[in-house]
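Sequence lines set the chain letters: A, B, ... in the order given, protein chains first and strands last, and positions in each chain run from 1.
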2 protein chains.
Amino acid sequence: MLMGMADISTIRVPSGYEREFPGASRSAAEIAANLVRAGTEFLTEIDRPTRKAAGLSARGFQTLAILDGAGGPLPGYSIAEQMLISSASMTSLLDTLQRRALIERHPHPTDRRKVLIHLTDDGQRIVDQQLPAIHAVITQALIAIPEEDREPFLATLTAVRIGLAALTETPPPQHKARRTARRADL
Amino acid sequence: MLMGMADISTIRVPSGYEREFPGASRSAAEIAANLVRAGTEFLTEIDRPTRKAAGLSARGFQTLAILDGAGGPLPGYSIAEQMLISSASMTSLLDTLQRRALIERHPHPTDRRKVLIHLTDDGQRIVDQQLPAIHAVITQALIAIPEEDREPFLATLTAVRIGLAALTETPPPQHKARRTARRADL
DNA sequence: TATTGTTATACTCTATAACTATA
DNA sequence: TATAGTTATAGAGTATAACAATA
């Protein structure tokens with residue numbers, strides 16, 4: 001059984017946090033917790049109409065949306081690159097979509113190593129039906145955010161992404177050991 | 001092959017968007033795209049040390065962290081509720097963790113329906129080792145966000161989560177059909 | 001009757017390795 | 001040699017349904 005949605009409030013980190021993790025920032029932890037949670041909840045809501053209507057996984061629909069966005073057939077490896085998965089995983093995904101007749105595989109006219117992935121009419125129909133529902137959910141979810149708050153919010157989101165990307169290119173940050181007081185204090 | 005990280009910038013939505021999806025808000029779509037992306041990237045970074053050091057899935061580590069945070073053993077259903085998964089999925093997760101000797105199952109002293117999940121010493125050690133690394137990553141990723149921007153950012157994140165929660169309790173928002181111009185315009 | 005947990009079954013996503021065909 | 005794709009194999013996470021034991 002899944003429980004109902006409790007009242008929503010900002011996720012806070014207890015006051016002992018910076019004592020327990022020397023060098024760590026409490027406000028950073030709060031931002032991380034709330035950002036990850038908000039992102040996950042958003043994904044779930046975006047996913048909901050798709051799964052319900054089409055019985056399609058997020059990855060499956062994403063594949064269709066990439067093909068739709070490209071405006072024409074794409075070779076498999078180029079979809080795989082965009083989705084950050086291996087070619088073998090791509091094959092498996094495409095098998096699933098092809099079984100449901102949402103995509104077709106056609107040989108590339110000049111390079112016989114390649115397979116061009118086409119949206120079928122059914123696949124196109126699913127994208128055309130689901131995208132408006134998804135964008136309606138997005139618009140409605142953010143209806144209470146004032147227009148003047150949106151650009152600053154976007155700017156901070158981008159700053160976070162830049163900070164994350166910088167992490168990948170440097171050695172993992174140093175840290176001191178946890179100061180493990182009583183567990184119940186967390 | 002997975003590609004490297006391109007330069008990071010705000011994800012923007014093309015200008016034809018509100019024409020293509022009547023009633024939808026372009027700034028909302030940009031916030032959704034950047035928020036979901038930032039959340040996913042954050043999760044990936046938080047995940048990285050855990051997977052590397054302990055070969056543990058995100059869900060597996062999350063289970064250990066919940067037990068650690070509780071300060072003592074918990075019955076399975078209470079962990080499942082926090083993770084929003086079914087009791088059958090919980091059983092499978094716990095099987096995996098028990099196979100690696102990171103948790104133990106003990107009978108509840110008074111309610112014989114319940115099984116109390118205990119962190120083993122190995123499980124506790126993984127949490128104690130990984131949590132500082134995770135919090136160092138979080139602190140470092142956000143180092144460039146000025147302190148005075150943090151509370152407003154948190155406030156907007158919470159407003160988004162409230163908007164999302166409100167969606168769940170109401171019928172799906174109405175929307176008009178996609179105005180399907182040329183595909184390449186997207 | 002409701003709660004807690006397990007088993008059985010099935011599907012998706014993912015990864016790695018080995019392989020074919022083509023460039 | 002490098003690129004594109006498939007097959008084979010394996011493992012994790014998820015869901016549903018049916019079930020047992022207990023409260």
Colleague: Between D:dA12 atom C1' and B:L56 atom CG, what is the distance in whole Å?
Modeller: 11 Å
Colleague: Give the rounded distance in Å between these two atoms: CG of B:L74 and P of C:dT4.
Modeller: 13 Å
Colleague: I'd like to check B:S27 versus A:E147 (side-chain heavy atoms, cut-off strictly below 4.5 Å). Are they in contact?
Modeller: yes
Colleague: Find the distance A:H106:NE2 to D:dA4:C1' and express it as a whole number of Å.
Modeller: 18 Å
Colleague: Quick check on the hydrophobic clustering: are A:L35 and A:I11 connected, directly or via other members, by side-chain heavy-atom contacts under 4.5 Å?
Modeller: no
Colleague: Do the rings of B:H135 and A:Y17 sit parallel, tilted or perpendicular, given the 30° and 60° boundaries?
Modeller: perpendicular
Colleague: Counting heavy atoms not belonging to A:R37, are there more than 12 under 6.0 Å from its CZ?
Modeller: no
Colleague: Within the 4.0 Å heavy-atom criterion, would you say B:T63 contacts the bases, only the backbone, or no part of the nucleic acid?
Modeller: nothing
Colleague: Do you reckon B:V13 sits in the same ILVMFWY cluster as B:V36, going by side-chain contacts under 4.5 Å, direct or chained?
Modeller: yes
Colleague: Rounded to whole angstroms, how far apart are CE on A:M83 and P on C:dA15?
Modeller: 11 Å
Colleague: Could you pull out the protein-nucleic contacts involving nucleotides 5-11 of chain C (nitrogen or oxygen on both sides, under 3.5 Å)?
Modeller:
residue	atom	partner	partner atom	Å
C:dG5	OP1	B:G76	N	3.3
C:dG5	OP1	B:V115	N	2.9
C:dG5	OP1	B:V115	O	3.2
C:dG5	OP2	B:Y77	N	2.6
C:dT6	OP1	B:R105	NH1	2.9
C:dT6	OP2	B:T91	OG1	2.8
C:dT6	OP2	B:R105	NH1	3.3

Colleague: Please report, rounded to the nearest Å, how far the P atom of C:dT14 is from the CG atom of B:D47.
Modeller: 14 Å
Colleague: Within this structure, what is the CD-to-P distance between A:Q98 and C:dT12, rounded to whole angstrom?
Modeller: 14 Å
Colleague: Quick one: B:H108 NE2 to D:dA21 C1', roughly how many Å, whole number?
Modeller: 16 Å
Colleague: In whole angstrom, give the distance that lies between atom CZ of B:R112 and atom P of C:dA2.
Modeller: 22 Å
Colleague: Should B:Y77 and B:I103 be regarded as members of a common hydrophobic cluster, given that ILVMFWY residues are connected when their side-chain heavy atoms come within less than 4.5 Å of each other, either directly or indirectly?
Modeller: no
